[in-house]
Each structure stands twice: as C-alpha cells, then as structure tokens.
Amino acid sequence: MRVPAVVVLAILPWPSLLAAPERFEPESCFPRDCFYYLSVDCGALKAGLQDTPFARVLLHPGVRKALGRLPDMLLEKLRQETEELREGTGMDPWEIADLLSGQVALTISGVDMLSGPRMLIAVELGAKRKGILDLVGRMESLATSSGIGADARQTAEVKGVQVTTWTMPFGPSIQHGVIGTHFVFSVGIGMETVIDRFAKGAEETQDALRFNPTYARARLQAGGFTPALTVFLNWEAIRATIALFMGEIPMAQEMQRGFAAVGLDKLSSFTYRLGFRDGDLEGKVYLDSPGGLSGLLGLLAECVGPPEDSAALARVPAEATEHMAFSIQLGRLAREALQKVREGFPDSGPALDAFQRELEGAAGISLADDVYKLPKLSVHAFNVLPPAGGLIPDGVLIVKTAQFEPYLRLVDQVARRLGAEVSNVQVGDREVAYLTISSLYRKLGIGPASFPSAQAASFLSIFEDLEPSLTLAFAPADDEWMVIATTPQAVGRYFSSYSKGKTAADEGGFAGLVRKEVGSEAAYAVYRGGRHFLAAYNTLASLAVMAAPSFEDELKAYGVDLAHLPPGEELSAGFRDGFFLLRPTKDGLLLHGHRVISNALGSPSLAASFLVPAVTAGLKHALKSKLGGSDPAERLKAIGAILKAHAERSGSGAYTHDAEGTLAALQAVVDDESLPAADRERLLDLLVHPAGKERRARAAPGEEGIELAPENVSYELVPWKQGPKDNPARILAYEKRAYDGSGRHVLYVDLSVKRLPEAELQALLEEQTARYGKKAEAAEGEEEKDKEE
C-alpha cells in the first residue's frame, strides 16, 4: 500500500538548496489570525521527560538489565506493525522521531470550504540536518511514485529562498522551502508572505502571530515558566467562522444556544502549556474570556473557589498524603446548571423533568426546597495512612459545623428514606454517628436501565458489582468544627492521633508550599503520594523476585532476570511534593499543576480507589456464585432450593402457593420464622433479576418485618398446589419477562430449568392452568390425586 503523497508531504520536511543563517521564529513569521497553533521543542521535551521520576525508573540500568530482551522485542513488534512506513522511508517511527531535535510548529489560519484548512508547518533542522535531508530525498521519490509526476513539481527563487511548489490536481497547491533555521511547509498559504515576515526580522510586522491580542493575553496568563509544548486554540475565530458558514439556519441557532449553555459563546481561547521544573512536569491550562466566563464554565468558576478559613490547616496532619481545600456553592451550582442545560438544549427538558421526579421520589426530597437552598460550604479534605500502618488511607473532611448542618440534615433525610442503617458507634471516648447506604445508584433510580439483550444484562451485572455505596461517619471536633470520614475508625484516629501531632501549618507541613505556589485565591490540592512510591515499589519488587522461580522457563525466553531490579531507595529521590490549583480570574480560569503525575504513581489513595472496588466486586461475584450467580438458570435453581426446603419444613411437602398470586405465596416464605435468617437474605437477593428494574426488598424505617411488593420480585409462581415429587413437566416458577431478549427461563418442580420461547411458554401456561387451575380453588388441605400418564 502506497502512502498518499499529500499526507507524506504534510507530515515531513522538504529540502531547500538555500538556508539563511538567521533563526526562524514561528510566532514572528506565522500569520496573526489563526484557529490553532502548536509549538513543540522536541529537544527540551525529550530531555525533560528523561529527567522525570517516571523515566528515571524505566531508564535505570538495573531496571533495563532486569527486563532483558523484553523492551527490544516489544520495539521490534512495533517496527513490524509499521513495515509500510519503513519500506517508503527506510526508517521506523522511532528513528524518524530521533531526527526531530529542535522546534516543530504548526498553525491553521483558516479553512476554505472547497480546499480545506490553510496550514503552515515549520520544522527546525538543527544538528540532524543531514539526516532530515536524506529522509526528504526518499520521501520525494515516494511522492513521485505515488502519482505526482515531475511536471507537478516546480522550483523557483522567491526573495532569496528556493521555494518548491507542487500543483495538486484537486485542492490547494503545496509549497515548501528552507527559511533560516527551519523547513517551512505550507498548504493554501503563499510562502511569499512568510518570507516577507522573516526578512523584516526586527521590524516585527504587526500581522504576525505574536501580535494577535488573544494569543498574547493567553500566553501571559499561562506563563511563568519555559514551556516545551504550547497548544493554542483561538475559539473566538473558530466561533466567528462557524457563524459565517452556518448563517441563520435552525441548526446554527441550536448550536449557538448550546454554546451559550456551556460557556463557549464568550470564550476567547484555550491555551495549554507544558514544561519542566525541578526535574518534573509542570503544566498550565488557561480559559480566556474577557469580561468573565459564561454558561456552565462561568458557573463552575463562580461556585468553586478558595477555602474560606486557612486556619483549618492547623487541623490537618502534616503526614497527610493528599490535601484538598476549596469552597463550593452546591445549591446554586445544581440549580443554575440544570437551568442552563434547559436553556441551551430545550429538547432535554422532558428527560430532565422525568429524572428530577424519579430522583425526588426515590430520595424523598425536593430539589427546590432541599438542594437548591444549600449554603456555601468550605472544605478541607485529606487522606492519611493510619499511624499503626495500613494499606487503605483514612479519608477525612474538616468543615465548620454551622455550614455543614443543612447538608447533614439533607443526608440524614435521604439516608433514612433509602433504608440506610444509621447508628452511633463508641470509638474511644467519642460517640461517632455512622450511616451506610448500599446500592446507591439503584436506590436513587439513576442506574442503567434493563436492555433486551444478553450483552446488556451481562454489562448490568458488572455494573452492580461496581455500584458504589455510601459510608459516612461524623462527630463534632468542638463547638465550631466537625470531622467527617469514611469509617468510624478514621474519626477515632483523628481525635487520638491526627489532631495531636504536627499539622500542615507547622514546620515540616505543606503550608509553605501552599503559600509559595498556590496563594490565597485558589482552590487547591497538595499531593505527597509520591513519597510512598518507595514502599509500593519495594513490595512489588520483592513479590516479583520471589515469584520469579515459578516462571523460570518463561522469563529466560525473554532474558528477564528480576534479581537486577534496584532497591527502591535508589529511585525515590525524584518523588517530591506537588500541587494542582484552580484559580478564577476576571477574564477566565487558570488550572496549574506541578508534579501531579509522579505523586499519583505511588499514591496510597489511588491504589485504594482501585483496591476497594476490586475486592468488593470479587466478593460480590463469589457471593453471587454461591447464591446462584448472575446466570438466570442458576438463580432460579437456587430459589427453587429454598422453596423446596420451606416445603419440607412446613410439613405438607407442597411448594408455597396462594390463589392471590405470587406475592402472597412468597410472603409466607419470608414470614416463616423457621426460615434461617441467611436463607431469607439470600431469597430476597435472588428474587431480583440482575437485568431487571426490580429492587431488593428491605424493611421500612423503624420496622423489622419485610413486606414484599411487585417491584421486589422478578418472577411468577404458579398458584396451584404441587410438590417436588409431582410430574417433572409441571411449572413451578418463571421470569416475569424475557430479561435477555430471547425467551424466558422456567423452573420446574424437579428444580430443572429451561429457557422457552414466549409462544411456547404461553401455550404451556395455558395448558397447565386448564389442567391444574381448579386445584387452586379447592378447599385448603383437600388431597387430590394427580392422574397423569
């Protein structure tokens, strides 16, 4: 397969016989008006990445020796996947990337409806000039053999620069040449204007990119360090072009409403800059909107802000692995966010109304009266490992009691409505309030709906295993502050340990980092999880080395010898404290992060966020397997086993049945005092099909008994009297509907299960109702002999 010439030419540099000694500066030579600008200092990016903690681990001689031939084998596999590129250029992607040692810049200054984007690419030739020119020669041959003949290529001198023009049969002509230190490639933009700007040099023509006020403003706001990567999106220019092309058609009006709802109607630009400081990554994102952001973006900037009381730092332990501090106007955020969505997307109104009704009904609240009126809340949250050690960090929030009381009342109201277990736990000398809500999404009615397919049912089963639950423990710290945590033990440790040692405000805490890097006008997070990389690495390395003998043959095939892995102490120096902040400005929103990725690498909180759901899902899967699993046939068999055990205990030997229907028959089993509590819980779980909308039955608040309702049962029982020893062709129970979309599962009296097509099931029910239905009307206790062949 040949690579299209246009693609080839657009990706790679093209030679010129003439090279000027002056440096080509893209920001001074690219056009002032642009949609998009990208600048990458390849040399600085490569060097900076090699100095990060990530790369130090991967490039350590011991790690490389321990991995043996495995990295080379992986690279060879990648080379094989790019064989066509190697055939055309004689180089693989890594060799081509190695040629780029200087700046690469790209701009799109507009879009032509007929010929596509107007684009400029500038590639610094640098020390790899010869290698680049050799590659260009091979690419020229490839382009010609791909269908562009020699007559399509013309070379001429333009103001001292050799410019090559390729005339395309369809689309704009392509031009390229070496200008100063860079190769410049253009599509739909005349090279003469670029050469003019370069020639003027110090005169700094006003039509250059650097004089674009939108770009200059964004660059200033996202400045403060030397970037290796800059991405600038001129949304103001893009929006104007969209409006010009779309005109006044209805679709354009809908799009404008959507822009206003999100906040894109006043957004001027988006800028991202990435650099390196102190041996690690630093990045800034700036959303520029003169006069302030609008829509959802503006709402977020106004409703999420800096914490109100810096004195709370004295209540955060110095050894915290992460600390987040912010204030949030949750009531206003919820109210106005829904309002803006309705205004921007009118068609979403009915769906939002239905969602609101279901949520209010499930939670027993009014959004207008209970949620929208919630006041501003200032939060200091931290994660910290227990003093005596542990794998799971304690998650703790410090809030002012007066601010949190309305939230606490709302949580208590919702929790009790959803059947939460609320209790008081004595931890040390403190009484801690504790509540739990399981199956949170399902109880709130916001889980995924049932789909008529086996694939969807399987997905829903996975979702149920991962469905979150809510656990909260809280206690007053004093008359002014309250402590909230995920477990009562964490609250107890706060009072016994965290509040008594060194704090974040003390020497050795991270108040200095907050003061120096964050300031007082931003919501922020401080990350120290990288400090725990040493323990995580040493643990994994030890496990790997001790397990390696069991895989000796497999490892030798790749030349892997894990004994060469270095001690973690040799790698830990680069993992230092980092931060992330969100700072609203009068003209936009700034997001600034430093050392965020390296601190996530060894973060106990991140590990716990994967460990807890994985363990929960595993245990639930094991329990489901014991109960009959998510397999429909096994679940029905497990239900039948409980019904059979109940029939044997009842003395009559007959399966539960009632002329009033399934609920009455099953209620008799649930109310059976001789039924073991574990079997009762199992039955209540099993009665809800994994792919159904039904919910597990639970006791009402303040009551002990459980009353079944239609929404608690996914199955139907036949109402006539029969027992396990009756004709095995007799139906005992069946699914309410075809949950997997291909018939319904049917349970027979011998506890066998079959899946029947709907028509066949209906015919069988009609036949057996006519045959045995009269027995359901017989007097209680009357014995009838079933005469069957």
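Because only heavy atoms are used, hydrogens play no part in the values below, and waters and symmetry mates are left out as well, while side chains stay in. Quantities reported herein were computed from a predicted structural model and do not represent experimental measurements.
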Heavy-atom side-chain proximity of H182 to Q103 below 4.5 angstrom = yes
Between R217 and D587, is the closest basic N to carboxylate O distance under 4.0 Å?
-> no
Donor on one side chain, acceptor on other, S327 and E308, under 3.5 Å = no
Pair E319 + K502, salt bridge at N-O below 4.0 Å = no
Checking side-chain contact (heavy atoms from CB on, under 4.5 Å) for the pair V104/C42: CA distance, chi angles, key distance, verdict?
-> CA-CA 7 Å; V104 176; C42 297; 3.7 Å; yes
Is the backbone of R32 close enough, under 3.5 Å, to the side chain of D207 for a donor and an acceptor to pair up by distance?
-> no
Would a distance-only check, ignoring hydrogens and angles, find a side-chain to backbone donor-acceptor pair under 3.5 Å from R239 to D265?
-> yes
Option among D478, D309, D506 that satisfies the salt bridge (charged side-chain N to carboxylate O under 4.0 Å, His left out) test with R315 = D478
For residues 304-341, pull every pair meeting ring pair (Phe, Tyr, Trp, His ring centres under 6.0 Å), keeping only residues two or more places apart or in separate chains.
-> H323-H380, H323-F510, H323-Y524
Okay, side chain of R210, backbone of A216: is any donor-acceptor separation there less than 3.5 Å?
-> no
CG (L410) and CD1 (I365) are apart, to the nearest 0.5 Å, by 5.0 Å
Would you check, one step at a time, whether the test side-chain contact (heavy atoms from CB on, under 4.5 Å) holds for I189 with M119?
-> CA-CA 7 Å; I189 300 177; M119 179 172 61; 5.8 Å; no
On a heavy-atom basis, the closest approach of R576 and D278 is NH2-O, 2.8 Å
Heavy atoms of Y37 and P26 approach each other most closely as OH-CB, 3.9 Å
Can you tell me how far CG of L377 sits from CD of E405, rounded to the nearest 0.5 angstrom?
-> 12.0 Å
Could you tell me whether E517 and R277 make a salt bridge, using a distance below 4.0 angstrom between a side-chain N and a carboxylate O?
-> yes
Determine, stepwise, if the pair I597 / F54 fulfils side-chain contact (heavy atoms from CB on, under 4.5 Å).
-> CA-CA 9 Å; I597 296 178; F54 253 145; 2.9 Å; yes
Under 3.5 Å, is there a donor-acceptor pair between the S598 and D280 side chains?
-> yes
Sub-3.5 Å donor-acceptor pair from the side chain of R583 to the main-chain atoms of V518, do we have one?
-> yes
Donor-acceptor contact below 3.5 Å, side chain Q403 vs main chain S378 | yes
How far does NZ of K340 sit from CZ of R342, to the nearest 0.5 angstrom?
-> 14.0 Å
Correct closest heavy-atom pair for Y372 and A334 would be CE2-C, 3.9 Å
Would you say N234's side chain and S269's backbone share a donor-acceptor pair under 3.5 angstrom?
-> no
Are E27 and S39 side-chain neighbours, meaning at least one heavy-atom pair lies under 4.5 Å?
-> no
How are the rings of F533 and F575 set to each other: parallel, tilted or perpendicular (split at 30° and 60°)?
-> parallel
Please walk me through it: do D98 and K128 pass salt bridge (charged side-chain N to carboxylate O under 4.0 Å, His left out)?
-> CA-CA 9 Å; D98 187 57; K128 300 293 182 73; 3.2 Å; yes
Stepwise side-chain contact (heavy atoms from CB on, under 4.5 Å) test for I484 and V399 = CA-CA 8 Å; I484 309 167; V399 297; 3.8 Å; yes
Sub-3.5 Å donor-acceptor pair from the side chain of S499 to the main-chain atoms of Y494, do we have one?
-> yes
In terms of heavy-atom contacts, does NZ of K284 have more than 12 from other residues, nucleotides or ligands at under 6.0 Å?
-> yes
With F232 as partner, the option from Y272, Y286, Y215 fulfilling side-chain contact (heavy atoms from CB on, under 4.5 Å) is Y215
Can you name the closest pair of heavy atoms from Y527 and F580 and give their distance?
-> CE1-CB, 3.8 Å
Only one of R332, K376, K586 forms a salt bridge (charged side-chain N to carboxylate O under 4.0 Å, His left out) with E302, so which one is it?
-> R332
Grab the two heavy atoms, one from T52 and one from L49, that are nearest each other, plus how far apart they are.
-> OG1-O, 2.7 Å
Whether T181 side chain and F24 backbone form a donor-acceptor pair below 3.5 Å | yes
Should the pair R528-D577 be classified as a salt bridge under the 4.0 Å nitrogen-to-oxygen rule?
-> yes
Whether K400 side chain and E480 backbone form a donor-acceptor pair below 3.5 Å = no
Is the closest side-chain heavy-atom distance between L590 and V285 below 4.5 Å?
-> no
Side chain T503, main chain P317, donor-acceptor under 3.5 Å | no
Answer with yes or no after comparing the ring centroid distance for Y36 and W235 against a 6.0 Å cut-off, counting only values under it.
-> no
Decide yes or no for T271 and D288: does some side-chain heavy atom of the first lie under 4.5 Å from some side-chain heavy atom of the second?
-> no
Heavy-atom closest pair (R595 atom, G578 atom, distance to 0.1 Å) is CB-CA, 3.6 Å
